Structure formats: C-alpha cells, structure tokens
Amino acid sequence: MAASSEVLSQTLSSITSIKLDQLQKQKDAYESAKGALLSAADKEADVRKRAKTLLDGRDKLPSIKVADNPMLSAANLKRFVDQAAFDPSVSEDLLREYEETVKKELNMTSNKYRFASMYGQMVEEWTTASGQDKKKTGAEGGDEAIKDDFVPVGRKEMHEQRKTWEEFVFAPKETDTNAIKQYLEDVFAGSSKDCKRALAELRKSFEEIQDNKNSNWCHPFNESVVKGCIEGILRSNNITGEKRSTLRDFLNNSVVLQEIADVLNMRMDARASWTWEAPVVVEQRRALNGKYRFFLDEDLLHSLLLEYIFRRWATLIRRHFENFIGANGVWKPDTEPMSKQDARRQQFFLDGKDPLNNLGSVAGNRESYFEDRILLDHLPKSMWEVRGGYDDSSDADREEDTRDSHMKVVQGLMHRIETDILVQTHMGNELSIIRSDFRWFGPGLPHSSIFAVMEFFGFNEEWLDFFKRVLEAPLRFKDDPSDAAFGIRKRGTPISSTISDVVGESLLFCLDFAVNQKADGTPLYRLHDDMWLWGTTEKCSEAWKVVTEFSEVMGLSLNEEKTGSATILPKNKKVGLESAKKEETAKTSHNLPSGPITWGFLKLNASTGHFEIDESKVDEHIDELRRQLGACQSVFDWVQAWNIYGDRFFTNFFGRPAACSGRAHVDSMLTMFARIQQKLFPDHAAGVGAYVKDMITSRFGISSIPDGYLYFPTSMGGLGLRNPFVSLFLIRDDLEKTPEELLADYEEEEEHAYRRAKERFEIREMERAGNKRGGGSVRGGDSFEDLKGEPFMSYEEYTRYRELTSARLVTLYTNLLKEPKTKDVELKGDVKAALEDEDDWENMSSYDKWVVQLFHREVVDMFGGLAVVDKALLPIGLMTMLRQSRFQWQG
C-alpha cells in the first residue's frame, strides 16, 4: 500500500533538511575556496598572471560547472591570456577586463548560493507556518496592515452567516406539493399535444433508468470508475488536507483501487439500507466574495459512492431533458419567423435561396449557443468530463479540461449580453435586461419542492427514499465541542456536490421550460440560479412574471441585492434626464424589477450599453486583500495569496476583455490594478514588487534583489509573483478597433450590399422586359406574377429580417464576441544569448516570455544567465506537495 501522506510529508521534510544542510556546507566550502583564490590572485603584481591564476583556480572551486554561465567562455579567456604572453596586441586593458570578468562570474556563483540558501529559509518558514494554527501575530499585509485584526473567535459576519445558514438548513419549509405538481402539469402537458407526448416519453425513460437491473446500478465499480470518482472529488472544494492527500495516494495504487471497488459494489447492492452512520462534519470557510460557505467533510467511502451515483444521475437527466426539448413542437423558438409572403418577396427581389431556413443566421447561432452552452450548464455532458469551476481561486482555463469552465461560460454570457446591447440599439431597437438569482438557493431549497418535482417526472419510492436519506444528513460543526448536539438537514443541499447539481438543475429546468412556454419562446439564460433575461420590454416583463410565479410556487425567494433591470434606448435617440425618466416609467409599467444590473465588479451603464468597473466594490476588496495578506505568516503564503486574490480574482471579476468591450475595458482594468497597488502600498512607488523586496530583506537580510527574482517562474528559480499588468498588455494590441467602429463598418457594408442588390434586380427586370430571360424566373414552381413590375424593396424591408437572413450580421456578432489573442514579445538581445536552447523559449507561456524579456537584465548580470538558482539545490519535492493543498483564507 502507498505510504500515508503523513509519512510522505515527514520523508520529504527530512530530505529537505538534508538538502538544505548540504547546501549550506557547499556554500561555506565555495566561499572559503573563493576567498583563498582571490587572495592568491591579489598577490600577483602582473595583470596577466592575476588573470591566469583566477582562470586556473576557477576550475578547481567546489561545485563550479564549466557550462554554468552561458554568457561566458572560460576556455576562450584562457587561450587569450596565454596569447598575451607573446602578443603585445592583447593589451593590459583587455587583461584587466578578463580579470574583472572572472571575478564577476565568481560573485555570480556566490549570488546563486546566497539566493538558494534564502529559498531554503523561505521553505522552512512556510513549513513552520503551515504546521501552526493560522493565528495572526503581526505579519505584513500592506503598508497600512493592521496587526491585530485576527482573533480566534472569527469575524462577526462569520457568526451571522452561520446563524442564517442554520435557520435555513435545520428548519423545514413545507410547500404545497399538489400545487407544484398541478403547476408543472399545466406547463409541461398543458402547452400542446407535442409537449404532452414528449413528457410521457420522458417519464418512461426515467422509469427504465430506475430499474435495479439497469446496468448503471449493477456492480458498476472497477479501478477505472473509482479513479474517475476520486478525480471528480479532488476537483471539488469539499475536502482538504489529509483526505485530499490520501485520495491522491489511492490514485497510484491499483490494489487499493480494486479493494475500494469491491467495497463500493457491495454498498451499491445494499443502498436500500444505506445511512450516514455518524454526523457529518461541517466546515465553514470564507470565500473571496465575502460569503461564507459550508462544506461537508464526508467519510471517503461515502463520498465515492455518492459521487458515482449522482454523477451518473446527472448525465442521464441531462440526456433525457435534452431529448425532451428536442422533440418536435416542444421548445418554442425565440425569434419570430418570417411570414410566407415576406419570404416570397425576399426570394423574388433578392433572387436568393429559401429565407425560411435560418441556418447560419444570428437567430440560429443564438439558438445553438443557448442549447450548447447555457441550458442545464451545471449537469455534465459526459460521465467523466473534466471541467474547471466558478471558484474564486481556480484558473478559468486548464489544459486538461474537456469542457469550458463555469467561469469561462459566464464570461462568455457577459460578452453575449454586451454584444446584443450594442447591435440591437445600433439597429434602432430598445432592449431591456433583467438579472437576478435566488436568496440562499443551496441551503434554502425546500425538500418538499425537490421531491414534488422528482415525483412529477416519475421517480419511484425507492429512489426518492435514497435521495431523502442522503439530503437529510446529520450535521455538526467542526469548531463545535465534540459533545455538542448535531442537527438533521431538513432543507437545502450540500454545497459543491453532485446531488446539489442533480436536484437543483432538475427543479430549475422546470423554470427554464416555463419561461419558454409562457413568455413566447423567451430563453432564460440561467447558470445554476444566476438568471439573465434580455429582449423587448414586453417579453422581459412576461418572462419576469413567470419567474416570480415559479418562485412562489416552489417556495423560493429572489435575492433583492442581485436583482435589477435596465432598458437601453436606441443609439439614435437622445440620452439624457428625460430618457432616464422614460426608463423608470417603463420599468414600473411593465413590472420590471428595480435595481442596477451588476456582476462581479461590473455594473451596466444603461447610457453607453457597456459594463463598467465599479470602484466602490473594488475598494471594499482592497481592504479585504490587505487583511488577507496581513494574515500570511510566510513569504510563499503571501505570494500565493497575492497571485490568487491580487491577480486572478480581480482579473476574473473585472470581466474578460472582448471586442464588444474594446480596448477601453482593458485600459480601465489597467487603471484599476494601478489603483489597487497605490492603495495597498502607498509607501512603495514601485508597487507590489518593492513591497515584497522589503519583506524579504527584513526577514532574511538579503538586499539587492532583482525584479526578475520576484516575477520569474518557479521553474527558473523565481518566486512566481504574478504581475496583473502583463496579461493585459499581452492582449491589448489585438483590440485594434472599437466596437463602435465595427458597427459602423457593418452598417456601411450593409448599405453597399443593398445598393448592389437593387442594381442586380433592376438589371434583371430590364432583361426580363426585353424578353431575354424567356419570360422570367420560376423558383420552386412560383412564377411571382403578382410581384412583377413592383419597385425594389425598401431599405427597411431589406433589413427587417436580418437576424434570420444576414450572414454579414453573423460575422459582426462573431467579431464582437471574439476575445483578443496574445501577442508574444520577440526573442532578442541578452535573453537570446542566455538561452542554451531556443526550445526553452518556445516552451514558455506568453506571460513568462514577457516577464523574462522585461526583467532579464538584472538577473543575467547577477546570476550569469536566466536561471536564478540551480533546480538541484532547491527542495522541489516538498514545494510541490505543499502547493497541492488548497489555500485557506482567513475569516
């Protein structure tokens, strides 16, 4: 069996101590020998002999490698010095230069040892801090860090949110299950015969799935399946520390995986009598958005069994819901179809194909986007898909992902909204937008509503009972005394779990379908419980009525803090005080919710149609970032906290740049990052880098720290401190045109296309009049006799159905939705010379290339190359293990 995580940690710690001890001995031996060599050289009066002494002694120094410095050829210098014994052209000035070159190289090696030793001290600091309770004792967080913010009892809001959570979770909310079933019957079966027929097929499919003889539930576990379940759990935020390490150990041991599979197959067979056995520990953790989340620390075998069961249910439910809406006549289209008479006119005047086919149109693109990217987003498309989350600290994109992360999907949705605003208002249309979510949806979801929905879709008693036993878990808080009473969950679902996705998406799919059926095909752009509606004011008003009605029936409450609406007027209408009054009147008369449209740090400006960064929200997080940095007890923790919060979190929630927001949005992000650093580090004009340098100097006594040491990746011996400006400058130059310029280009192209179409039609008519076309064209058996002689269609008629017919409009949408591509810096100068292999450059990320090219000079000058420290000198194993643990925010 694999070594336990504790044994592994102890072994790596022991190896690290040995490595650091040997490093110190090497450093001492080198410095002693170097001092002796310099003394010997200084005794030589002749400059050539001094240079020769240094070059000969250099090779004998401990740990020196001939190829250590790619910028220096000692072999060449030796030959030049030998030449100087006979050749007067090798002047004393050149020899003195060689002498200084060798001395500088000797100092470079000293610098490498010095920084490697400091790196080791940082590792020891980190391991020491990780082994202690996270108690604030006065570590740095910013120039104005408060020294005694953290106390063991936690923050006031921590206790307030726990109290609210307990009020939801431990107190059942009974809803009218008969009313829910009647509501669903009206929505799903009362809309049309097609819907009724598709619902019967859906229920039949669910009945077949629930059969105990179904292959999904008959001994499904083997090594591969267990491994997939472990990897799924590791991607979640539920487990930390020891259990996370234990699961990683399991992944590499086939014997253990098979043993687990055997046990889980037995538990699957006996799931009718499955129970939690003991109270499940609840751990309260603070997220970067200021909210506290309540994670369950489940028994690992329970977790693996439930991961499989509910992941399987999730994929099956998604597949059958998709089949349901894909049935003929079930899902209503969003765009009003073209009438047959208008289609005839389009064919006659434009001599084109059947305009009733909307493939390749904006309407078709919008429909496929909704089905592929939005509908049932939280249910997996395949059993073992790999997908990043919506978590504050997760990367939005990862190479191993098989599907776009939740974060990337929501960013893409924001781009869709902004693009539709720009296009629709530019075309002279008014657009209304609504945004909302449910208050405490996860903890507050009534179990009676969950089971009413499941019964409606045909879940049998056996499976309903199993779901109920899983949801009604006995819970106790981690920080409570061991003898404290535990409570039974009577409401809500556990966070970051597959059962939450299954029951939450099943219930909210009913809302998706209700909006579609009752609001004339309007799509509800819903990502979990985060809801967006946009379109005409009338359609949004109808859809909002459905949302509020559904909420009342299901026993849900809308979140007033995140609910708002806006009406954006056409660009050709004057925007001012009068327009603002009209917008408020429209909201009131159409029952649109009040409040601004916000997401992350963004707020929709109804006057411009663009999302803008809200400085007041940013300022709140600057204070929190200062607090979190102040809680870090090691340099590595500080750097990690900065990278997650100071770089990634702000970058994500400022909104990913795209052509629809233009270079102006990138510049506003740059301005905001400058503001963050100015407010965090008012005494350090050079920002975060200067602050970290001072922190290192005060702790470890190292001065003259090059910027490259801070920002270079850890693979090159740097600290890997993230610079948020670099990522933005990598893409800034790719945003050459403003969105308004793209719209103007489209308008000019459309007008030109109209003139061309009119000219072609008039030429055809002249030819027909001259009887050169044999009596005119007949398409699809239609001779268009009633249209002959009519003047060409007006520009208004030509553009009326552009969303159904215009390929040019599809191109505009595509261009506005594009995210800018990175533009790499060029490989030039000392960086090119210092690289032993140019493949190393090609293997770097665009970010690392920029950082290396920007900060290389001091590094090359101090260390003789781009590598700050030799990898062999660093405790990489322990560092890797420590970095695999989840970062815990202070709260």
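Everything quoted here is computed from the prediction, not taken from an experiment. Heavy-atom basis, side chains included; hydrogens, waters and symmetry copies ignored.
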Ser661 side chain to Pro657 backbone, donor-acceptor under 3.5 Å: no

Take Glu298 and Ser303, measure what side chain to side chain donor-acceptor pair (under 3.5 Å) needs, and give me the verdict at the end. CA-CA 6 Å; Glu298 300 172 358; Ser303 293; 2.9 Å; yes

Identify whether the distance between the nearest side-chain nitrogen and carboxylate oxygen of Lys545 and Glu542 falls below 4.0 Å. yes

With distance as the sole criterion, is a donor-acceptor pair present between the side chains of His406 and Asp377 under 3.5 Å? yes

Does Arg387 reach the side chain of Thr402, with side-chain heavy atoms less than 4.5 Å apart? no

Under 3.5 Å donor-acceptor, Trp532 side chain and Met414 backbone: no

Does the pair Phe295 and Arg293 meet the rule for a side-chain contact (heavy atoms from CB on, under 4.5 Å), with working shown? CA-CA 6 Å; Phe295 293 91; Arg293 296 173 180 171; 3.5 Å; yes

Check: Glu624 and Arg286 side chains under 4.5 Å, non-hydrogen atoms: yes

Between Lys539 and Asp334 (salt bridge meaning N to carboxylate O under 4.0 Å), is one present in this structure? yes

Determine, using ring centers only, whether Trp463 and Phe206 are less than 6.0 Å apart. no

Take atom CD of Glu561 as the centre, draw a 6.0 Å sphere, and report whether it contains more than 12 heavy atoms from other residues, nucleotides or ligands. no

Evaluate Tyr645 against Phe650 for ring-ring contact (aromatic ring centres under 6.0 Å, His included), listing each step before the verdict. CA-CA 7 Å; Tyr645 202 154; Phe650 281 111; 5.7 Å; yes

Test the Arg162-Tyr292 pair against the cation-pi criterion, namely NZ or CZ under 6.0 angstrom from the six-membered ring centroid and within 45° of the ring axis. no

Name of the residue among Glu430, Gln424, His426 meeting side-chain contact (heavy atoms from CB on, under 4.5 Å) with Pro570: Glu430

Could you state the interatomic distance from CG (Leu816) to OG1 (Thr419), rounded to the nearest 0.5 Å? 5.0 Å

Report the residues that fulfil side-chain contact (heavy atoms from CB on, under 4.5 Å) with Ser500, sequence neighbours left out, ordered by chain and then residue number. Thr493, Pro494, Ser497

Under the salt bridge (charged side-chain N to carboxylate O under 4.0 Å, His left out) criterion, do Glu283 and Arg285 qualify, and how do the steps go? CA-CA 6 Å; Glu283 184 179 2; Arg285 300 181 215 150; 3.6 Å; yes

Could Lys478 and Asp297 be called an ion pair, given the rule that one side-chain N must be under 4.0 Å from one carboxylate O? no

If you define the side chain from C-beta out and look only at heavy atoms, does anything of His447 sit under 4.5 Å from Lys173? no

Describe, in one word, how the ring planes of Tyr525 and Trp534 are oriented to each other, choosing from parallel (under 30°), tilted (30 to 60°) and perpendicular (over 60°). parallel

In terms of relative ring orientation, are Phe188 and Phe457 parallel, tilted or perpendicular, with 30° and 60° separating the classes? perpendicular

Is Glu560 salt-bridged to Arg439, cutoff N-O under 4.0 Å? no

Using modelled atom types only, decide if a donor and an acceptor are shared between the side chain of Ser448 and the backbone of Thr175 within a distance under 3.5 Å. yes

Run the numbers on Tyr813 and Val423 for side-chain contact (heavy atoms from CB on, under 4.5 Å), then give the verdict. CA-CA 8 Å; Tyr813 264 84; Val423 174; 3.7 Å; yes

Short question: side chain of Ser236, backbone of Ser496 - any donor-acceptor pair under 3.5 Å? no

Does CD in Glu336 sit with more than 12 non-hydrogen atoms of other residues, nucleotides or ligands closer than 6.0 Å? no

Considering residues at least two apart in sequence or located in another chain, which fulfil the side-chain contact (heavy atoms from CB on, under 4.5 Å) criterion with Asn516? Trp331, Lys332

Less than 4.5 Å apart, side chain to side chain, heavy atoms only: is that true for Arg373 and Arg403? no

Mind listing the side-chain donor-acceptor pairs of residues 177-185 below 3.5 Å, one per line with the distance, residues two or more places apart or on another chain?
residue	atom	partner	partner atom	Å
Lys181	NZ	Glu455	OE1	2.4
Gln182	NE2	Asp186	OD1	3.0

Parallel, tilted or perpendicular for Phe649 and Phe653, by the 30°/60° rule? tilted

Holding to side-chain contact (heavy atoms from CB on, under 4.5 Å), I want the full list of residues that pass it with Phe170, two or more places apart in sequence or in another chain. Trp165, Glu166, Leu475

His621 (side chain) donor-acceptor with Phe601 (main chain) under 3.5 angstrom: no

Value rounded to 0.5 Å, distance of CG in Leu422 from CD1 in Ile417: 12.0 Å

Exercise: identify the closest heavy-atom pair between Met554 and Ser449: O-OG, 2.7 Å

Measure the spacing between CD1 of Ile434 and CD1 of Ile597 and express it to the nearest 0.5 Å. 7.5 Å

Verify side-chain contact (heavy atoms from CB on, under 4.5 Å) between Thr522 and Trp544, making sure each step is shown before the conclusion. CA-CA 10 Å; Thr522 300; Trp544 184 243; over 6 Å; no

Single hit among Arg491, Arg489, Lys490 for salt bridge (charged side-chain N to carboxylate O under 4.0 Å, His left out) with Glu472: Lys490

Main-chain N/O of His665 paired with His610 side-chain donor or acceptor, under 3.5 Å: no

Hey, does Thr536 have a side-chain heavy atom less than 4.5 Å from the side chain of Leu431? no

Is the closest side-chain heavy-atom distance between Phe654 and Val618 below 4.5 Å? yes

Determine whether Leu511 and Val547 make a side-chain contact, defined as any pair of heavy atoms from C-beta on separated by less than 4.5 Å. yes

When you measure from the side chain of Arg311 to the backbone N and O of Met383, does any donor-acceptor pair fall under 3.5 Å? yes

Indicate yes or no for a side-chain donor-acceptor contact from Arg203 to the backbone of Phe456 under 3.5 Å, with no hydrogens or angles considered. yes

A side-chain contact here means heavy atoms from C-beta on lying under 4.5 Å apart; do Leu524 and Leu533 qualify? yes

Please check this pair: side chain of Arg435 against backbone of Met531, looking for a donor-acceptor N/O pair closer than 3.5 Å. no

Hey, is the main chain of Pro593 close enough, under 3.5 Å, to the side chain of Ser565 for a donor-acceptor pair? yes

At what distance, to the nearest 0.5 angstrom, does OG1 of Thr335 lie from CD of Glu803? 5.5 Å

Got a salt bridge between Asp437 and Lys562, using NZ or NE/NH1/NH2 to carboxylate O under 4.0 Å? yes

Trace of the side-chain contact (heavy atoms from CB on, under 4.5 Å) decision for Asp530 with Trp599: CA-CA 10 Å; Asp530 194 6; Trp599 178 85; 4.2 Å; yes

Give me the atom names and distance for the closest heavy-atom approach of Ala658 to Pro820. CA-CD, 3.9 Å

Which residues pass the salt bridge (Lys or Arg N to Asp or Glu O under 4.0 Å) test with Glu418, not counting sequence neighbours? none

By side-chain contact (heavy atoms from CB on, under 4.5 Å) - contacts of Glu167 (at least two apart): Lys163

Using a 6.0 Å distance limit plus a 45 degree cone around the ring axis, check whether Arg318 lies over the aromatic ring of Phe509. no

